[in-house]
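Okay, structure first, notes after.
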Amino acid sequence: MDYKDTINLPRTAFPMKANLANREPKMLEQWEQSKLYERIQEHTAGRPLFILHDGPPYANGDIHIGHAVNKILKDMVVKSRLMAGFQAPYVPGWDCHGLPIELQVEKKVGKVGRKVDARTFRQKCRAYADRQIDLQRKGFKRLGVLGEWDDPYASRDFSYEANMVRALAEIIEGGHLSQGVKPVNWCFDCGSALAEAEIEYQDKSSPAIDVLFGAVNARKLLQVFNVDGGHDVVGIPIWTTTPWTLPANEAVALNAELEYVLVAGHWRAKNLAIVIAAELQESVVERIGLEKSELLGTCKGAALEHLQLRHPFYDHQVPVILGEHVTTEAGTGAVHTAPGHGEEDFLVGKQYDLPVTSPVGADGLFLPDVELFAGMFVWNANNDIVELLQKNSLLLNHESFLHSYPHCWRHKSPTAFRVTPQWFIDMEKVGLRARALEVIKGIRWIPAWGEERISAMVEGRPEWCISRQRTWGVPITLFMHRQSGELHPNTTQLMQRSADLIQEHGIDCWYEDDIFQRLGVDEGDYEQVKDILDVWFDSGVSHRCVLDERSGLRRPADIYLEGSDQHRGWFQSSLLTSVAMHGEAPYRQVLTHGFVVDADGRKMSKSLGNVVAPQKIMNTLGADVLRLWVAAADYSQEMSVSDEILKRVSDAYRRIRNTARFLLTNLNGFSRDQCLQATEMLPLDRWAVDNAAILQEDCIRAYDNYQFQKIYQSVHRFCGREMGAFYLDIIKDRLYTMPANSRARRSAQTAMHHIVEALVRWIAPVLSYTAEEIWQHLDDDREDSVFMTTWYEGLFTLDHPEQERANWQLLISVRDAVSRAIEQLRASGAAGSSLAVDVTLWADGAVADALETIGDELRFLLITSGATFADLKDAPSGVETIALADGNIAISVLPSAHTKCVRCWHQREDVGDTEDHPELCGRCVENVVGVGEERRVA
RNA sequence: UGUCCGGUAGCUCAGUCGGUUAGAGCUCAGGUCUGAUACGCCUGGUGUCGGAGGUUCGAUCCCUCCCCGGACAACCA
């Protein structure tokens, strides 16, 4: 007789093979069509809010693995808060203005003012950003990220642009804005500033000259070296390759720590005494041809500070200053300093309060009021200046010098630094820095070192230059008085009105001819600022433009979550604007993650060829595997990906999936109203639920603290060890062989039901597609999505948890010991399946007590055909005693001598005892034709 | 170059407020099952805890230096 039909064979439509690459897009479509995100928001209305505010990615290019990590982490946070009982809206955003898009558009339509007008250019930029948003949105959705994709925020929205202006107005009202100047890279052919990315280095030949700056008071200089007079000229020579910047000279810089020498000698029939860096003495003396040179003395650069020198051709005194940028790599060890023409010069000049002389116009011509060189083009002025120095006998040497020099990438012409007026958010004027530093302390930084990092950065940062001389961005809508340079007295009011115009028409309206008229500003008296805002300002005020504006959101957000580079970026720009506007932070917590690197810890780059595309992972292994990788990695550091790592993660995925599948197969036809009460359940099943309850506690705590890695590790371990290798393996016997409706089988199914209900929710924030797929295979009436629920509440713990858990732990250790013993028998060829053996145990202490609790059901726990135990004292002498945690045990494993029951596969003495069923053991007969066997424990 | 973060088995991660043979899961190998079947179960190996010094009775854990990797260092998000 075939007893297959009397066995409860597992059945499910839930496939073992995930085939995620095909299945996920279909699930995604379901989510979209059913408007899942919107329904979740309705469903969770009234719950406490949890706001994760999305840092906008830049709308350029297809999504890469870094984007994927960021969005997946955000999604796991949002979904876990949702499952924890919050309303957790997620409004994704995009950063749309700025240089990268300008450069992309320039490639297609050319530069503003050359081939296109600014208005058209901005239109093209806007259209480009739109296309990029569509592209990236598709990618982000495919990751399984749930959010308001139909109505995201984007900084190119008219309303966003308008609110940026309003945000700036609020900051100005707070008194944080200041005007100033700053040197920027300038192309005279473009007539505008250049971004770093627009500069390329080419070899250029420049005049290299040594110029003597004579001391105003020779005696004073000599005194430093303890030298008496008697020289025709005393001074400090500088070396420069940009003679044209000499009209802007305001100082000569030395290095405080360097050793300088005073060298005397004959030069063109004169007695010179000059100061040179000691290390460069020889080369300078040779280069300028100083004859009969002799060393008169030495000193540190610091000793010469504040000494006054004569400008080589203007009636002007300039000081000796000190700067760390002065080196002995070339020149004389004394650096010509023109704050108007160099970044370092500008910064050091600031320390010494030097005037910022900027005698060159946008076209590269010296301004009309420049003595001697008015109207002259800078590069042509080089010759005249050299001649003039020659005439003044201050040109110690003149040669041609080939060096790498920055050029405009478009015009291939040499660029220069030029100071231009700029707008700043001042860190000190109204105590912005101090307040920001204070506010930082009240925020939870994850990981904790983020606090130190951002504090150091805020402490050290210079004022924030928010103006840019560019086209694609939000205008700084200010009017300045043409004579006084003062802001219009109604500035904030005018800004509000310009914001209203922008809200309606977009940023272009600021550049229309009628803007003065529309705002009622006198064009004769006032000049319009045409600078745009730094893109960091755009995203930096997203708390104002999004959190404050959108219904359903609020400021401060509960969390900002970005890559660790954003300590300098978005975290900081957001903090500063929020503190400037409200005196408080825009977020309560800040979580940072590391960057993605390859297996060797190297960053991904096209040139190294180690780039892993998220699209490729999703189209092969599936988004859930990608998500599981994110959960498994320690996001606080660099996160490695490689084929091997993904392979490991896929293995783990399969384990979790198959565990869920096993639960589903054995719950086929089981509905929740068939669940037994805890008191009716078998102890082993209660233990299993208890185990899940413990794990759930851990998972909830881990999710609360964003420790996804812990979830991954413990859920995976749970599926593999506690379930697969122990519990599920043991209960197969009951599930398959006992009557479908028997208490012992229902008890196991009750446990499995609770476990799968809990498990599907644990994994939902990470394995969203798979969790939803499991959800759809669960019976009973239920919400149509796992994301419409919260953590499972049907789990329970044991009545005497410590004692019972310890008891089971001992039984598990007995089982492990028996497994090892069986393995030895198996190795000898005497047995294959564990059901082919009989086990005899001898135990003492707590182990004996534990065995007593399971009694004659020990064989089911061990999955052996027979299992008996006795007192350790009675153990035969030849059997080894093994020490367990709490007691000792001796084990004997022998091949069973009995016939195998064809139905339950146990080898029992009573097989064949029943005439009608000669192939069955006693309990199978009972289960097939009787009322069913009884089980007490397992 | 500077500041900060990190370097524990083939992989992902624990861990030690300094103390006997450094852990887990996976991979891998061998075995077993064929009623989770491109699955399940059992057994097993694996590490100069990045390197070199130092402090200490004793260091993977503390200190110094070095090597390797990463982030940041303003018109670049």
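Proteins come first, then strands; the chains are lettered A, B, ... in the order of their sequence lines, and each starts at number 1.
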Can a side chain N or O of [X] be found less than 4.0 Å away from OP1 or OP2 on [N]?
{"X": "A:Arg826", "N": "B:rG31", "value": "no"}
{"X": "A:Lys732", "N": "B:rG35", "value": "no"}
{"X": "A:Lys4", "N": "B:rG35", "value": "yes"}
{"X": "A:Gln572", "N": "B:rC72", "value": "no"}

Expressed as a whole number of angstroms, how long is the span from [X]:[atom1] to [N]:[atom2]?
{"X": "A:Leu667", "N": "B:rA36", "atom1": "CG", "atom2": "P", "answer": "15 Å"}
{"X": "A:Leu862", "N": "B:rC41", "atom1": "CG", "atom2": "P", "answer": "17 Å"}
{"X": "A:Ile711", "N": "B:rU12", "atom1": "CD1", "atom2": "C1'", "answer": "16 Å"}

- Query: Is the ring of A:Tyr712 stacked on the base of B:rG25, with centres less than 5.5 Å apart and planes under 30° off?
  - Reply: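 It does not: the ring fails the test against the base of B:rG25.
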Testing the 3.5 Å rule here: is there a donor-acceptor pair between the side chains of [X] and [Y]?
{"X": "A:Asp538", "Y": "A:Tyr160", "value": "no"}
{"X": "A:Arg903", "Y": "A:Thr6", "value": "yes"}
{"X": "A:Asp534", "Y": "A:Trp464", "value": "yes"}

- Tell me whether the guanidinium CZ or amine NZ of A:Arg657 lies under 6.0 angstrom from the six-membered ring centre of A:Phe662 and within 45° of its axis.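 Because its charged atom misses either the 6.0 Å distance or the 45° angle limit, A:Arg657 does not stack over A:Phe662.
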- Query: Got a salt bridge between A:Arg433 and A:Glu459, using NZ or NE/NH1/NH2 to carboxylate O under 4.0 Å?
  - Reply: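 Salt bridge flag = no for A:Glu459 with A:Arg433.
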- Hey, which sits more toward the 5' end of RNA chain B by its nearest nucleotide, A:Leu9 or A:His716?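 Looking at RNA chain B, the more 5' nearest nucleotide goes with A:His716.
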- Task: Would you mind telling me which residue lines up with the more 5' stretch of RNA chain B, A:Asp651 or A:Pro57, judged by nearest nucleotide?
- Result: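 With A:Asp651 and A:Pro57 compared, the 5'-side residue is A:Asp651.
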- Query: What class does the angle between the rings of A:Tyr560 and A:Trp570 fall in, given that below 30° is parallel, 30 to 60° is tilted and above 60° is perpendicular?
  - Reply: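 Plane angle under 30°, so parallel.
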- Message: Checking contacts here: which listed nucleotide (B:rU37, B:rC26, B:rG25) is nearest the side-chain heavy atoms of A:Arg648?
- Response: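 Closest of the options to the side chain of A:Arg648: B:rC26.
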- Counting only Watson-Crick or G-U wobble pairs whose two distances fall under 3.5 Å, which nucleotide matches B:rG25?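 Matched B:rG25 with B:rC11 under the 3.5 Å cut-off.
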Sticking with atom [atom1], work out how far [N] lies from [M], rounded to a whole angstrom.
{"N": "B:rC66", "M": "B:rG47", "atom1": "C1'", "answer": "23 Å"}
{"N": "B:rA14", "M": "B:rC26", "atom1": "C1'", "answer": "14 Å"}
{"N": "B:rG25", "M": "B:rC42", "atom1": "P", "answer": "11 Å"}
{"N": "B:rU12", "M": "B:rG50", "atom1": "P", "answer": "15 Å"}

Below 3.5 Å is the cut-off: list the nitrogen or oxygen pairs between protein and nucleotides 2-8 of chain B, distance only.
{"from": "B:rG6", "atom 1": "O2'", "to": "A:Gln637", "atom 2": "OE1", "distance (Å)": "3.0"}

- Heavy-atom contacts under 4.0 Å between residues 721-730 of chain A and RNA chain B, which residues?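 Contacting residues: A:Arg721, A:Gly724, A:Ala725, A:Asp729.
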